[in-house]
Number of protein chains: 2
Amino acid sequence: MATTLGFRPLYQQVYDLIVSQISDGEYRPGEMLPSEQQLANQLKVSQGTVRKALDTMTSEKILERRQGKGTFVATQTSERSTLRFFGFSDPDGTAIMPQNGEESIKRRKGTAKELLQLDTGGSQDVYEIARTRLIKNKPAIIDKIVVSAKSFQGLTKRSPINTALYTLYQEKYGIHVISTSDEISAIIASKSDAKKIGIEVGAPLLMIQRRTFDIHKKCVEYRTTKVNTQGIIYTARI
Amino acid sequence: MATTLGFRPLYQQVYDLIVSQISDGEYRPGEMLPSEQQLANQLKVSQGTVRKALDTMTSEKILERRQGKGTFVATQTSERSTLRFFGFSDPDGTAIMPQNGEESIKRRKGTAKELLQLDTGGSQDVYEIARTRLIKNKPAIIDKIVVSAKSFQGLTKRSPINTALYTLYQEKYGIHVISTSDEISAIIASKSDAKKIGIEVGAPLLMIQRRTFDIHKKCVEYRTTKVNTQGIIYTARI
DNA sequence: GAGTGGTCTAGACCACGCA
DNA sequence: GCGTGGTCTAGACCACTCT
């Protein structure tokens with residue numbers, strides 16, 4: 001069955017296998033997986049063991065299960081991808097979907113800090129996406145997004161990026177985002193910040209430094225977001 | 001076993017029962033629950049069904065299970081209670097534990113907004129705890145904490161509060177905190193803010209408006225925290 | 001009616017903690 | 001060595017979806 005050393009429970013082995021099949025593209029987003037019974041037969045384990053693996057993946061939002069239909073690889077719809085972890089809302093609580101504004105992408109050497117945060121797999125080059133985003137048609141958010149150039153070949157050619165970024169990562173680069181970690185602070189708008197989103201120098205901005213992790217717990221994106229929180233609220237739920 | 005209408009799965013009924021026993025004080029924090037087998041016999045369900053309920057409660061941090069020992073009602077240690085949901089850290093990532101500074105508690109009528117957010121059960125009175133907290137012996141955090149007076153009888157007499165608040169809620173008022181929801185924005189320090197934590201008027205502050213929920217998903221606390229993020233970072237993980 | 005996931009059971013064996 | 005939780009199995013029946 002397994003050597004005692006380095007033993008992993010069967011259901012975790014099943015979990016690992018299916019995760020790697022998803023990240024290898026054997027099962028694509030939206031696609032239906034074989035039924036529990038079929039998987040159990042293929043893998044020579046009981047249905048209960050398969051279920052435990054699938055249930056874990058469901059709670060991690062990697063899969064979606066629908067009674068009477070089947071088990072599906074989760075898709076990142078554009079709404080979900082932005083709001084999935086943390087999102088913006090009106091003071092009255094209704095969710096806000098920022099629209100994309102100006103955007104530029106360039107390739108450059110990563111700074112020491114960026115390479116420390118990102119899991120580049122040895123490569124030194126990164127893409128930097130700079131963009132503004134609009135709330136109610138007014139610029140309110142400044143994003144600087146850094147990703148490994150190695151993992152995102154040809155990203156500059158995709159500009160302007162019209163879909164949500166996490167959707168792009170998934171569909172074009174096979175990167176399945178499952179978690180984020182945010183560091184949040186308050187800063188004063190610099191001259192260039194103020195110009196980009198039409199506020200005075202010295203106005204308060206929320207700064208969010210986010211690391212984004214894929215299905216393998218690898219850090220695939222390092223993002224700095226600055227938000228003018230006049231009339232907007234950043235929400236975190238747990 | 002159950003009428004088709006209003007049916008709840010057995011494991012959810014078990015879950016509900018144990019949750020209410022914990023909140024009624026039949027099982028106290030730190031106490032050991034009966035074994036799976038004993039519970040199964042008492043409740044006339046299979047061990048697997050009990051396990052599913054206990055596993056859910058474990059993932060919600062209501063219980064802790066230790067192989068070979070037993071299942072225990074979770075306790076809020078003072079470190080965990082502050083850092084459990086979101087916490088403060090140095091720019092280099094090490095966690096910071098703020099110390100309590102000045103504190104005052106008063107009883108008053110709740111504002112419309114507070115009564116809307118809080119689950120007061122009809123009562124109009126609230127306690128407001130105003131306090132500052134120190135980072136590296138310097139005032140850096142301003143808290144305003146509002147709770148229902150009905151649920152927290154005699155709170156003024158407990159001042160100054162030396163333990164972590166969530167620990168107090170649990171030990172003295174039988175309120176078991178299990179989740180929070182934060183709204184975050186950036187503001188400019190007012191004159192009174194500036195005075196309290198020794199910064200200039202107009203400096204940027206992070207403002208966190210938090211609702212805290214107990215084991216019954218009831219909102220038991222509405223808290224406004226203002227943080228001077230010079231040299232401190234507020235961290236959120238998901 | 002056939003196929004899917006959802007619930008529930010009964011029983012086996014393993015790994016851990018402790019006396 | 002005993003009691004605990006952790007893993008795994010095999011099989012039953014239910015509820016939902018689609019044809």
Side-chain angles (χ1 to χ4, degrees), chain A residues 1-19 21-22 27-75, chain B residues 1-19 21-22 27-75:
Chain A
M1 156 99 311
T3 60
T4 308
L5 215 61
F7 170 77
R8 300 201 79 195
L10 265 187
Y11 68 89
Q12 283 187 27
Q13 299 180 36
V14 173
Y15 172 97
D16 292 343
L17 176 68
I18 298 177
V19 162
Q21 284 176 324
I22 291 173
Y27 301 126
R28 306 196 54 80
E31 194 174 331
M32 183 174 147
L33 263 60
S35 73
E36 293 182 353
Q37 210 42 261
Q38 289 172 334
L39 285 170
N41 295 340
Q42 283 173 29
L43 306 176
K44 305 269 200 296
V45 298
S46 79
Q47 193 216 19
T49 301
V50 171
R51 171 177 293 270
K52 182 147 185 174
L54 297 184
D55 281 350
T56 305
M57 297 177 71
T58 303
S59 74
E60 293 177 342
K61 306 277 170 87
I62 299 174
L63 299 178
E64 291 174 6
R65 316 194 74 189
R66 277 167 253 158
Q67 185 171 150
K69 300 189 72 176
T71 302
F72 302 82
V73 180
T75 51
Chain B
M1 160 89 309
T3 61
T4 309
L5 216 59
F7 169 78
R8 300 201 79 196
L10 265 187
Y11 68 89
Q12 283 186 28
Q13 300 180 35
V14 174
Y15 172 97
D16 291 344
L17 176 68
I18 298 177
V19 162
Q21 285 176 323
I22 291 173
Y27 300 126
R28 307 196 52 81
E31 194 174 332
M32 184 173 147
L33 263 61
S35 74
E36 292 182 354
Q37 212 37 264
Q38 289 172 333
L39 285 170
N41 296 340
Q42 282 172 30
L43 306 175
K44 306 269 199 294
V45 299
S46 79
Q47 193 218 20
T49 301
V50 172
R51 172 177 292 269
K52 182 146 182 172
L54 298 184
D55 280 350
T56 305
M57 297 177 69
T58 303
S59 74
E60 293 176 340
K61 306 277 169 90
I62 299 174
L63 298 178
E64 291 174 5
R65 316 195 75 191
R66 278 168 249 157
Q67 185 172 147
K69 298 190 71 175
T71 302
F72 302 83
V73 181
T75 52

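Everything numeric here is computed off the predicted structure, so don't read it as measured data. Keep in mind that the numbers below use all heavy atoms, side chains included, and drop hydrogens, waters and symmetry copies. Convention: sequence-line order gives letters A, B, ...; per-chain numbering from 1.
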Between [options], spot the one nearest the side chain of [X], thanks.
X       : options             : result
B:Ser46 : D:dT9, C:dC8, D:dG5 : C:dC8
A:Met32 : C:dC8, D:dG5, C:dT4 : C:dT4
B:Glu36 : D:dG5, C:dT4, C:dT9 : D:dG5

Which sits closer to the 5' end of DNA chain D, A:Pro9 or A:Gln47, going by the nucleotide each is nearest to? A:Pro9

Upstream residue (5' side of DNA chain D) when B:Leu54 and A:Val50 are each assigned their closest nucleotide: B:Leu54

Report yes if a side-chain nitrogen or oxygen of [X] is closer than 4.0 Å to either non-bridging phosphate oxygen (OP1 or OP2) of [N]; otherwise report no.
X       : N     : answer
B:Thr49 : C:dT7 : no
A:Thr71 : C:dT4 : no
A:Tyr11 : D:dC8 : no

Review item, nucleotides 17-19 of chain C N/O atoms under 3.5 Å of protein N/O:
{"unit_1": "C:dC18", "atom_1": "OP1", "unit_2": "B:Lys69", "atom_2": "NZ", "d": "3.3"}

Distance in Å, [X] [atom1] paired with [Y] [atom2], rounded so as to fall on 0.5 Å steps:
X       : Y       : atom1 : atom2 : answer
B:Leu63 : B:Ile22 : CG    : CD1   : 5.0 Å
B:Ile62 : B:Tyr27 : CD1   : OH    : 14.5 Å
A:Gln47 : A:Asn41 : CD    : CG    : 9.5 Å
A:Lys52 : A:Thr56 : NZ    : OG1   : 7.0 Å
B:Ile18 : B:Leu54 : CD1   : CG    : 5.0 Å

Would you state whether a donor and an acceptor, one from the side chain of A:Arg51 and one from the base of C:dG6, lie under 3.5 Å apart? yes

Under the side chain to side chain donor-acceptor pair (under 3.5 Å) test against B:Thr71, which residue among B:Glu31, B:Arg65, B:Glu36 passes?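 Exactly one candidate clears the test, B:Arg65.
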
Atom-pair distance ([atom1] on [X]; [atom2] on [N]), nearest Å:
X       : N      : atom1 : atom2 : value
B:Leu10 : C:dA10 : CG    : P     : 11 Å
B:Arg8  : D:dA15 : CZ    : C1'   : 17 Å
A:Tyr15 : D:dT7  : OH    : P     : 15 Å
A:Gln37 : C:dA2  : CD    : C1'   : 14 Å
A:Arg65 : C:dG6  : CZ    : C1'   : 9 Å
B:Asp55 : C:dG6  : CG    : P     : 17 Å
A:Lys52 : D:dG5  : NZ    : C1'   : 11 Å
B:Lys44 : C:dC8  : NZ    : P     : 17 Å

Where the side chain of B:Gln38 meets the backbone of B:Ser35, is there a donor-acceptor pair that is under 3.5 Å apart? yes

